[in-house]
A.B. asks: 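Questions regarding the structure given below will be posed in turn.
The shown structure was predicted, so the numbers you read here are calculated from the model rather than taken from an experiment.
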Amino acid sequence: PETGSSGETIAAPLAGNIFKVNVKPGDSVAEGDVVIILEAMKMETEVRAASAGVVSGVKVSEGDSVAVGDALIVL
């Protein structure tokens, strides 16, 4: 198994569709950066990084449907 410096996974806070992915692997993010915008029930929800890190993987694409707890981004 691959272990990064933090290995933190950003999970979907609610079920919905991926509206926009703002990061790609290799990008550095700061705590509070909006990494993904989810659309649920006609409302957009910003998914933010809980801590600073480097994106090691993006698990979803724009238009994907996700359920609560699905992995979106790995730092």
A.B. asks: For residues 64-75, which side-chain N or O atoms pair as donor and acceptor with protein atoms under 3.5 Å away, sequence neighbours left out?
C.D. replies:
from	atom 1	to	atom 2	distance (Å)
D64	OD2	S61	N	2.8
S65	OG	N17	OD1	2.7
D70	OD2	A67	N	2.9

A.B. asks: Can you name the residues that form a side chain to side chain contact (heavy atoms under 4.5 Å, CB included) with E44, not counting sequence neighbours?
C.D. replies: F19, I37

A.B. asks: Quick check: is V21 connected to L14 through a chain of hydrophobic side chains (ILVMFWY, heavy atoms under 4.5 Å apart)?
C.D. replies: yes

A.B. asks: Check the pair D27, V54 against side-chain contact (heavy atoms from CB on, under 4.5 Å), reporting the backbone distance first and the verdict last.
C.D. replies: CA-CA 6 Å; D27 285 357; V54 175; over 6 Å; no

A.B. asks: At their closest point, which heavy atom of L38 faces which heavy atom of G16, and how far apart are they?
C.D. replies: CD2-C, 4.3 Å

A.B. asks: Do I36 and I10 come close enough that some side-chain heavy atom pair is under 4.5 Å?
C.D. replies: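 No. Closest side-chain heavy atoms not under 4.5 Å.
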
A.B. asks: Looking at A49 and V29, what are the two nearest heavy atoms and their distance?
C.D. replies: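 The answer is CB-CG2, 4.0 Å.
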
A.B. asks: Considering only residues two or more places apart or on different chains, which pairs with a residue in residues 48-58 satisfy salt bridge (charged side-chain N to carboxylate O under 4.0 Å, His left out)?
C.D. replies: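 Found E46-R48.
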
A.B. asks: Determine the minimum heavy-atom distance between P25 and S56, stating which atoms define it.
C.D. replies: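 So the two residues come closest at CB-O, 4.2 Å.
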
